[in-house]
Amino acid sequence: MAKKIGIVGGVSWLSTVDYYSGICRRSEEWQLATNPHPVPSTPEMSIESLDIRKAIALLGVDEDENSWTQFDHYHRAALKRLESSGADFALIASNTAHHRFRSIVGGIEIPVVSILDVMAKESARIGAREVLILGTAVTMRSSSFREGFANYGIEATGPREEAVRDMTTGLIAELQIGKREGTARRLAKIARVAFEGKFRMSPVVCLACTELPLAFQEQKMRTTFAYDGIFFINSTALHIAAAFDLAVDQRMPSVNGAESSARTGASNK
């Protein structure tokens with residue numbers, strides 16, 4: 001019997017759809033391979049879909065801890081509702097919220113799978129030493145993200161030029177409303193511009209926004225892939241894989257505060 005999965009979604013809804021469908025597809029494939037049945041089983045799930053405009057409006061300023069109070073509460077309240085729904089563990093289908101992960105999961109009594117942790121683990125597994133973070137304005141400058149990668153001996157940074165960061169967030173805004181034409185090529189170009197003279201070697205590119213994989217329709221469910229000579233790590237697909245692995249694992253990680261919630265022990269594919 002698979003564990004029940006709780007998902008905090010809606011930020012954005014397009015990527016949340018991929019979380020739901022990705023987990024279901026993995027379950028069907030796993031069930032057909034291990035126990036063929038005319039109707040393969042899928043994990044039970046509850047989704048708390050948040051209002052993306054409200055979540056953006058509640059973003060704080062890093063120099064003012066109190067300014068994040070409402071943002072943190074908005075996401076924590078959704079996790080609490082998932083607890084009440086009977087979810088055995090949860091995940092937040094958004095990279096931006098993971099900038100505040102420790103604060104958000106404080107007091108949550110079920111494990112919460114960290115998207116940052118699974119990205120950093122995968123980067124270490126493939127031997128990456130430098131990672132370029134492409135994502136929202138928050139994730140590209142996030143000290144929490146840099147620290148998360150540093151825990152695995154990896155130097156991670158967002159684009160240094162404001163113009164490159166603006167191009168990235170502009171592309172994300174288009175993907176959020178379903179505009180995808182030419183976005184893969186543009187994203188590869190953004191990565192190359194960010195690389196120039198800024199890294200000792202060509203880094204791995206971490207798609208640290210759950211909308212960015214939508215630019216790559218053929219690869220969006222792959223955890224890692226190459227496009228136009230650039231190697232990408234797909235945060236959405238990695239998060240989905242970690243969630244499914246935990247759902248079918250008979251073990252359940254202990255929860256001893258926010259730090260243990262950040263390290264669920266779920267394996268990656």
Side-chain angles (χ1 to χ4, degrees), residues 5 7 15 18-19 22-23 25-26 29-30 89-99 101-102 105 111-136 139-140 142-158 168 184 187-188 191 194-195 199-216 218-249 251 253 259-269:
I5 304 171
I7 302 173
S15 56
D18 282 342
Y19 270 82
I23 290 170
R25 287 194 182 100
R26 276 184 171 268
E29 292 169 359
W30 183 76
F89 69 93
L91 55 157
I92 304 172
S94 166
N95 278 269
T96 298
H98 285 73
H99 175 60
F101 187 78
R102 288 190 181 92
V105 302
V112 182
V113 183
S114 165
I115 199 171
L116 172 56
D117 200 47
V118 297
M119 284 191 295
K121 284 180 180 177
E122 179 65 9
S123 299
R125 188 190 70 80
I126 65 174
R129 290 292 173 263
E130 293 180 307
V131 167
L132 173 66
I133 298 173
L134 293 182
T136 64
T139 61
M140 287 189 288
S142 173
S143 59
S144 298
F145 273 62
R146 293 195 299 273
E147 291 168 7
F149 280 94
N151 288 337
Y152 290 87
I154 299 167
E155 182 179 350
T157 184
T168 306
L187 193 53
F195 291 170
F199 294 90
R200 294 184 294 277
M201 60 190 76
S202 293
V204 168
V205 177
C206 187
L207 299 175
C209 171
T210 55
E211 282 77 57
L212 285 178
L214 299 174
F216 304 94
E218 294 183 2
Q219 298 94 349
K220 68 177 184 177
M221 286 294 106
R222 296 179 61 183
T223 55
T224 59
F225 60 90
Y227 177 87
D228 199 20
I230 299 172
F231 194 81
F232 291 93
I233 291 180
N234 182 345
S235 63
T236 301
L238 283 166
H239 212 195
I240 289 168
F244 177 72
D245 287 352
L246 184 54
V248 297
D249 191 336
R251 298 167 297 176
E259 185 64 22
S260 64
S261 295
R263 308 272 191 275
T264 66
S267 61
N268 299 331
K269 297 289 187 188

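We're numbering straight along the sequence, starting at 1. Only heavy atoms go into these numbers, but all of them, side chains included; no hydrogens, no water, no symmetry mates.
Contact annotation: the side chain of Thr224 never approaches that of Phe232 to less than 4.5 Å [non-hydrogen atoms, C-beta and beyond]. Within the 4.5 Å cutoff, no side-chain heavy atoms of Phe101 are placed close to those of Ser144. Counting heavy atoms from C-beta on, the side chains of Val112 and Phe89 never come closer than 4.5 Å. Side chains of Val205 and Ile233 form no contact here, defined as non-hydrogen atoms less than 4.5 Å apart. Val113 has its side chain within reach of His239: a pair of non-hydrogen atoms, C-beta onward, lies under 4.5 Å apart. Counting only heavy atoms from C-beta outward, the side chains of Leu187 and Phe216 approach each other to under 4.5 Å. Contact check for Ile92 versus Ile7: no side-chain heavy atoms found under the 4.5 Å cut-off. Within the 4.5 Å cutoff, the side chain of Glu155 has no heavy atoms near those of the Val131 side chain.
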Problem - Chi angles and distances behind the side-chain contact (heavy atoms from CB on, under 4.5 Å) call for Lys220, Thr236 - result: CA-CA 8 Å; Lys220 68 177 184 177; Thr236 301; over 6 Å; no
Problem - Stepwise side-chain contact (heavy atoms from CB on, under 4.5 Å) test for Phe145 and Met119 - result: CA-CA 10 Å; Phe145 273 62; Met119 284 191 295; 3.8 Å; yes
Handout entry: Residue pair Ile154, Glu130: steps toward the side-chain contact (heavy atoms from CB on, under 4.5 Å) verdict
Key = CA-CA 6 Å; Ile154 299 167; Glu130 293 180 307; 6.0 Å; no
Exercise for the section: Let me see the working for Ile5 and Leu91 under side-chain contact (heavy atoms from CB on, under 4.5 Å), right down to the final yes or no. Expected result: CA-CA 8 Å; Ile5 304 171; Leu91 55 157; 3.4 Å; yes
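In this structure, Tyr227 OH and Arg222 CZ are separated by 13.5 Å, a value rounded to the nearest 0.5 Å. Taking OG of Ser123 as the reference point, atom OH of Tyr152 lies at 10.5 Å (rounded to 0.5 Å). Rounding to the nearest 0.5 angstrom, the gap separating the CZ atom in Phe231 from the SG atom in Cys206 is 11.5 Å. From Leu207, atom CG reaches atom CG of Leu132 across 9.5 Å, with rounding to the nearest 0.5 Å. To the nearest 0.5 Å, the span separating CG on Asp117 from CG on Leu238 amounts to 11.0 Å. For the atom pair CG of Asp18 and CE of Met221, the computed distance is 4.0 Å after rounding to the nearest 0.5 Å.
What you find for Ile133 and Ala208 is that their closest heavy atoms are CG2-CB, 3.7 Å. Nearest heavy-atom pair, His99 versus Ser143, reported as atom, atom and distance to 0.1 Å: CE1-N, 4.3 Å. Between Ala237 and Asn234, the shortest heavy-atom contact is N-OD1, 3.2 Å. Considering every non-hydrogen atom in both Ala215 and Ala184, the closest pair reads O-CB, 3.5 Å. Listed here is the closest heavy atom pair of Ala242 and Val118: CB-CG1, 3.7 Å. Residues Cys209 and Gly135 come closest through the heavy atom pair CB-CA, 3.8 Å.
Ion pairing between Arg26 and Glu29 fails under the 4.0 Å rule for side-chain N and carboxylate O.
Between Asn95 and Ser235, the side chains place a donor N or O and an acceptor N or O closer than 3.5 Å (distance only, hydrogens not considered). Using a 3.5 Å distance cut-off with no hydrogens or angles, the side chains of Thr136 and Thr96 do pair a donor with an acceptor.
Using a distance-only test at 3.5 Å, with no hydrogens or angles considered, a donor-acceptor pair links the side chain of His98 to the main chain of Ile115.
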